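Since the structure is predicted, the reported quantities are computational estimates derived from the model, not experimental observations. Throughout, a chain's letter reflects where its sequence line sits, starting with A, and its residues are numbered from 1. Note: hydrogens, waters and symmetry copies are ignored here, and every other heavy atom, side chains too, is used.
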Amino acid sequence: MERIITSQKYAAYILFIALMVTLSLSLTQGAISLNLWQVLGVLTGSIDDAFARLVVLDIRLPRVLLGAIVGAGLAIAGAAMQGLFRNPLADPGLVGVSSGAALAAILVIVLGGTYLKQWMSFWGYFALPLAAFMGGVLVTWVIYKVATYQGRTDVATMLLAGVAINAITGAISGVLTYYASDEALRSLTFWSMGSLASASWVDVAMAGTPIVVACCCLPFFSRALNAFLMGETVSHHMGFNVKRMKQIVIALTALAVGSAVAVSGVIGFVGLVAPHLVRLLTGPDHRWVLPLSAMMGALLVVLSDIVARLLIAPAELPIGLVMASVGGPFFLGLLLKQRTKSGF
Amino acid sequence: MLCANQLHLSIGQKIILDDVSLTLKPGEMLAVLGPNGAGKSTLLKALSGDIAELAHSISLNGKRLKHWAPASLAQYRAVMPQFVQLTFAFSVEEVIETSLRHPMSNALRNTHIQQMLSLFDAEHLRHRNYLSLSGGEQQRVQLARVISQLETLPVQEPQYLLLDECTSSLDLTHQHQVFQVLKKMAKQKNRSVLVILHDLNLAAQYADRILLMKAGRAVALGGVKEVLDANQLSEVYEYPIDVIEHPGGWPLVIPAHYPLVA
């Protein structure tokens, strides 16, 4: 696809400004409208309005931050996976990492009162996110093992294994819904469509730490991923330690996706759309695509969350629905436009 | 030197390489010829270290391949495969840049990329989308990338270039330009070049030595005139072939017009 902006630096500046604007917009908008000065006043401590403080510090700020963190994590994981699979349509959802994490969480929601009682009482508040994270890591490990034969990871097999895993987890989740109580069913539906509604500072810390780690480490593999796009043997000939690079990138990706799904449920499309939009701006060089995808992902999720909150206020939509209903058609349009051009 | 000692490889019942031994001397250009399925590409893969079970019978500059760390090996040998699959829209410049492992100032990098591209008449492609190039243009860019990999750091010991049909999509002029550049580089920089070829006359004109392969075996390894013998070629290719002398002094290979067996 041809690039819109020739200078990658400008793309970075524009994206950064857009992200800042969206973040401040998100802090001011909602069931209670605040202006930017009130928000800034609360943040700097110069306003002593208890109500404004409650809205900004306890409700909106954790939610906005969580949205940004989750978006950044999903998008950078998507960008890294697309590099790893040499396929611009790869996505954490596609290879089953998200659905593995989701299945583990559904297990906890549905069976928490019966079979998994011990797990629940031992981990308490962390039971569900921890299970989701472990589900993501487990699926990544299974797929990697299935696709690795004699020390080589076959990308096509990995994608197909992902399709199979998605089918399996989908079937098990389906069966589980029949055992779910009414209350569990509602939380399950809401959760499987993705939501930031219950965001708390604990969530921010819990998802934030691993995702920040992933966002800081993945860019170190930019050059290796660039070479990898020309094929596994080519990048090996160019002197990259391909095997180690694959292992680390896969682990970091699972970490980011597992943590994101753990706190916000399944928010699809970010991992697919964000890197795609960034490549449109900067081209496929991972030195730009990885960091800018994180920014783009944060922007998209926070923006969708604003829509999710405002569209039917004071009630709100699951953010996954917003993302899918806007992202889906948009992406189809991109594909149609792309047919005439070469490459991603 | 790049030495391979009695390489043997079979998959199931099929023998892919049958006791092939080879020494690539510094500064020489060796052409590997033979019909389809002779094991030429497998030999190149083995020499570049891709076949783990053969890596212990191959040594580069006196050190066995399996003992080389990938990063330092890459400074001494570069490989150009038959096909490079790239589906992302890198610019030509970015493709060359992937070969630069060490930090460089912007100005230095610019001139380096310019130099590499100009070797193969590709400076004008610098800002083009790699995927929009023709097959021949892509091949020239890949050649520039491979050479660039060997040029990034000064090294003391000989370097090796392994090229699998690197001119298959080029027009006549570019084919000869490429071989002149490779030949000059081999002599001036003491680099060894191994090329797999289907064009026997290119090999006749530019190679120092030729390895002729069939069914996994090295049928002949030696000087150009010695290997390009009409009877030997006819037998290996199972097609009648004449060899005459070109006025320039090298053998000229001509597939005969008449079928020997009616």
Side-chain angles (χ1 to χ4, degrees), chain A residues 1-4 6-9 79 82-90 149-152 155-156 221-246 275-276 278-289 338 340-344, chain B residues 41 44-45 47-53 65 68-103 127-134 138 141-142 145-146 148-150 152-153 160-164:
Chain A
M1 208 175 269
E2 301 303 325
R3 293 162 204 183
I4 297 173
T6 42
S7 165
Q8 292 150 327
K9 247 181 227 162
Q82 286 155 22
L84 207 58
F85 290 133
R86 293 193 290 281
N87 186 329
L89 300 179
Y149 177 66
Q150 290 184 345
R152 288 176 170 270
V155 166
F221 296 93
S222 298
R223 283 170 175 280
L225 282 169
N226 281 348
F228 199 75
L229 290 186
M230 285 193 275
E232 201 161 331
T233 24
V234 171
S235 61
H236 187 73
H237 291 156
M238 291 168 85
F240 291 99
N241 190 337
V242 177
K243 200 174 158 192
R244 203 188 58 190
M245 184 276 280
K246 278 196 297 196
H276 220 89
V278 170
R279 276 190 213 101
L280 214 57
L281 297 173
T282 66
D285 187 341
H286 283 97
R287 283 174 296 175
W288 295 96
V289 169
Q338 189 171 271
T340 51
K341 293 172 181 161
S342 47
F344 293 91
Chain B
S41 290
L44 188 128
K45 273 191 193 133
L47 292 175
S48 41
D50 293 348
I51 304 175
E53 59 223 90
L65 274 191
W68 280 90
S72 46
L73 186 57
Q75 290 173 20
Y76 287 99
R77 77 96 185 80
V79 185
M80 177 163 159
Q82 222 164 339
F83 302 107
V84 173
Q85 282 182 333
L86 179 62
T87 48
F88 288 76
F90 275 123
S91 68
V92 166
E93 182 175 32
E94 286 166 337
V95 171
I96 307 290
E97 237 185 307
T98 57
S99 64
L100 306 176
R101 293 293 304 278
H102 303 275
H127 299 291
R128 289 269 302 275
N129 174 352
Y130 176 82
L131 299 176
S132 70
L133 303 183
S134 74
Q138 291 190 348
V141 172
Q142 288 298 335
R145 170 182 71 76
V146 173
S148 158
Q149 181 184 324
L150 296 182
T152 43
L153 279 185
Y160 303 86
L161 259 179
L162 310 175
L163 311 169
D164 195 349

Heavy-atom donor-acceptor pair, Q149(B) side chain to H237(A) backbone, under 3.5 Å
yes
Main chain of S99(B), side chain of R223(A): is a donor-acceptor contact present, judged purely on distance under 3.5 Å?
no
Presence of salt bridge, R287(A) and E97(B), under 4.0 angstrom:
yes
Heavy-atom distance under 4.5 Å between the side chains of F90(B) and M230(A), does that happen here?
no
Can you measure from OG1 (T87(B)) to CD (Q82(A)) and round to the nearest 0.5 angstrom?
10.5 Å
Roughly how far apart are F88(B) CZ and R86(A) CZ, rounded to 0.5 Å?
9.5 Å
Taking every non-hydrogen atom, the tightest pair across R145(B) and V234(A)
NH2-CG1, 3.7 Å
Between A89(B) and P284(A), which heavy-atom pair has the shortest distance, and what is it?
O-CD, 3.3 Å
One option among T98(B), V95(B), L162(B) has the most heavy-atom pairs under 4.5 Å with chain A, and it is T98(B)
